S.K.: 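The following block contains the structure, expressed as structure tokens.
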Amino acid sequence: MVESSNNVKGIIAKRVAREMNDGDVINLGIGIPTLVPNYLPKDVNVILQSENGFIGLGPLSEVDPDLVNAGGQPTGINPGGAFFDSLFSFQLIRGGHVDVTVLGGLEVDACGNLANWVIPGKMVAGMGGAMDLVTGAKKVIVAMEHCSKKGSSKILEECRLPLTGKGVVDLIVTELAVFSVTDEGLVLEEIQEGVNLETVLDKTEAKFKIR
Amino acid sequence: MVESSNNVKGIIAKRVAREMNDGDVINLGIGIPTLVPNYLPKDVNVILQSENGFIGLGPLSEVDPDLVNAGGQPTGINPGGAFFDSLFSFQLIRGGHVDVTVLGGLEVDACGNLANWVIPGKMVAGMGGAMDLVTGAKKVIVAMEHCSKKGSSKILEECRLPLTGKGVVDLIVTELAVFSVTDEGLVLEEIQEGVNLETVLDKTEAKFKIR
Amino acid sequence: MDKTILVDELLPIFKDGLTIMIGGFMGVGTSAKLVAALMESNVKDITLIVSDTATPEKGVGPLIVNSRVRKLIVSHIGTNPETGKQMIAGDIEVELVPQGTLAERIRSGGSGLGGILTPTGVGTSVAEGKEIIRVDGRDYLLETPLRADVALLKAKKADKSGNLVYNRSARNFNPIMALAADLVIAEVDEIVEIGEIDPEDVVTTGILVDKILV
Amino acid sequence: MDKTILVDELLPIFKDGLTIMIGGFMGVGTSAKLVAALMESNVKDITLIVSDTATPEKGVGPLIVNSRVRKLIVSHIGTNPETGKQMIAGDIEVELVPQGTLAERIRSGGSGLGGILTPTGVGTSVAEGKEIIRVDGRDYLLETPLRADVALLKAKKADKSGNLVYNRSARNFNPIMALAADLVIAEVDEIVEIGEIDPEDVVTTGILVDKILV
């Protein structure tokens, strides 16, 4: 079961990695998005931005309790990186200086709306930096499992949970398929290997066009 | 004539210096205000802010073309100083982190209005940082000669030139007198040594109360 | 002017009902000593402005766990379950603010601005009750300034005039909070003589810092 | 990815009618080489965003003297008499902006904001035609963002990824202009390998810098 879940996460992260271009400045949310760098081709070097205050997030070398990623975990900084305060960090994020952000989602809909920060009466995590990221990054990719743990589609005709951002999502990557958000709604761009169209249709509440 | 003008400037600067408290953060405009530090008592150490980007303006030591004051002249920085960009500099100024600013004036009036940046059709210097300084500094002192070169009062019932700031002036120091700006208009706080009240009344267009 | 202070001298400063900003992100860059002093002072009904409530043990977590906070202005509470519990029980009032907006509001409060226009939160519940202003064909939320009575910072090093240098990602909210409170207190690991920090390296100028706790 | 560029490669970039931001204060922190390249390129009708027009010989002064600028967004022109002369003759359009407001407008343009509310200029001619917004009982002017096609910066040192470090008061407007233009070009005195600038010392991150002229 754990094996299978890891598998699913890997499939999603691997597909997201193909969206990255050499030199891109990327901000990765916690969860599946953090796996993306593991699947980057060797000739694609990206620069990771960490919204808690630096550019050049890299592998952990020495442990310094003052050097953590946006999930609060110990991390490293690559040569060429830079530290700054939270104000400057969000100037970069909101100002369009981050090329791609990859985030998890609770729900995404056909208008590119994203919900991932609160389930009323239940989970109130807070939006953290997510609202700024989806508003400011040039490209917003939602990387998530296609269905909830209860088996219901997370890709909806219209989000029911409170939104993180309105009309902000560019691409949705799940273990079943890849959708782009266009002015005419969702477009199925790809079906993941070993998945058939019927499964995608069956598991997707939102209507979508097929490219 | 030059001698006499220098004398006048010295009288004004000397009186302004008495307004400074130990530890104050001060921003000085060009002209008479820059003479103020020469007259500070030994036990009054002030910290000079330079709006082009540093704290701790000090005497010139080595000449570095990249270290100038807000008038563009070579200057020095004292130990304990700090460099920053123009954005941060004006955050300090507008945010009330500068205790006193001392500026020259073309006209000041009974409402505390100040005009010092433009004479329509004639001189258009631009406001530079003056509008931010008079808006943001905790105390605004205008240090200027009492009358224009043509002999007319620069302390008016109402400014005629375009304003630098509305209701911003706290204290006016000239070679003849010191006025405070209160809710009830100008109050004559002091007459400079060797000057009599008749002269002040004669040379001042604005009405004022006598403390 | 010696700005150094001992913990005992801090205690009378802390009073019930104060608005306090505390630097840090997930507890990193939060002054453990100043939070401990707050705990020791037994103050309550604090309005706390902070990036997140970290964990129950870390950062400002203990202030939450021990019910010292009446109102919280914060971007994330998910890592400290106690915050959500008190929020649902109605024991603590929580205003959730996007992290970039929180930074901007604090900077506005410290920079004499009346606020900023941000696109963040447009079309979400964050926009409720806020003025929407259209500039150049795009909608923005008017977000207003935040200030505090006291800001508690954590830095790596200070000189005796209060110039501060931070360590790595522990910088986060500390430099902007230094602008936005009536009284600014910094815990530092090391204090050096004036002149020992290069003016190019200073991140927070000493004119913003009132007290230093080593 | 090598960002270094030669003066000759710059010339095709400069086109008539561009909006250009140039760092500097009274010519200090203005790239003399990049201004010279602009002169050499013979471009005209520039919209120039700059702190001041320095003197006829210094900073951006030569661009004014040689009538390359059609519109100027600036806080001070008093030290370059040529600017005032062209302004009165109607040869150059001048928008005078308080220096702190100019900095804020550039930062807004580079930070995705729709503008800021500032008390600076309320009750003066600067307020003419601007929206006045009342927050907490005080009036503020809504000041809108500024952006440029190109920003020309001057720094002391760069690494090959474009991280910049400035020298003393030559920093001024350069770091915020780095945020607010589609193409950012920096002249530096010295270029070093990636890793030679401590991440704590970087003032402008290399992700903002497109081209480096040594």
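Not measured: the values here are computed from a predicted model. Within every chain, numbering begins at 1; the chains are lettered A, B, ... in the order of the sequence lines, protein sequences first and strands thereafter.
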S.K.: Shorter than 4.5 Å, heavy atoms on both sides: which option in C:Arg168, C:Glu131, C:Arg138 has the most such pairs with chain D?
M.R.: C:Arg168

S.K.: Please examine the side chains of D:Leu113 and C:Leu117, heavy atoms only from C-beta on, and report whether any two atoms are closer than 4.5 Å.
M.R.: no

S.K.: Is the closest basic N to carboxylate O distance between D:Glu104 and C:Arg107 below 4.0 Å?
M.R.: yes

S.K.: Examine whether an atom of C:Glu143 lies under 4.5 Å from a heavy atom of chain D, and if so say whether it belongs to the side chain, the backbone or both; otherwise answer neither.
M.R.: neither

S.K.: By a 4.5 Å heavy-atom criterion (distance strictly below it), what part of D:Leu141 contacts chain C: side chain, backbone, both, or neither?
M.R.: neither

S.K.: Looking at side-chain heavy atoms only, is the closest gap between D:Val135 and C:Thr144 below 4.5 Å?
M.R.: yes

S.K.: Does any non-hydrogen side-chain atom of D:Asp201 lie less than 4.5 Å from one of C:Asp201?
M.R.: yes

S.K.: Need one label for D:Arg171: side chain, backbone, both or neither, based on atoms under 4.5 Å from any heavy atom in chain C.
M.R.: side chain

S.K.: Contact part of C:Leu142 toward chain D, heavy-atom cut-off under 4.5 Å: side chain, backbone, both or neither?
M.R.: side chain

S.K.: How about D:Glu200 and C:Asn167: do any of their side-chain heavy atoms sit closer than 4.5 Å?
M.R.: yes

S.K.: Tell me the closest heavy-atom pair linking C:Pro119 and D:Gly112, and the distance in Å.
M.R.: CD-O, 3.1 Å

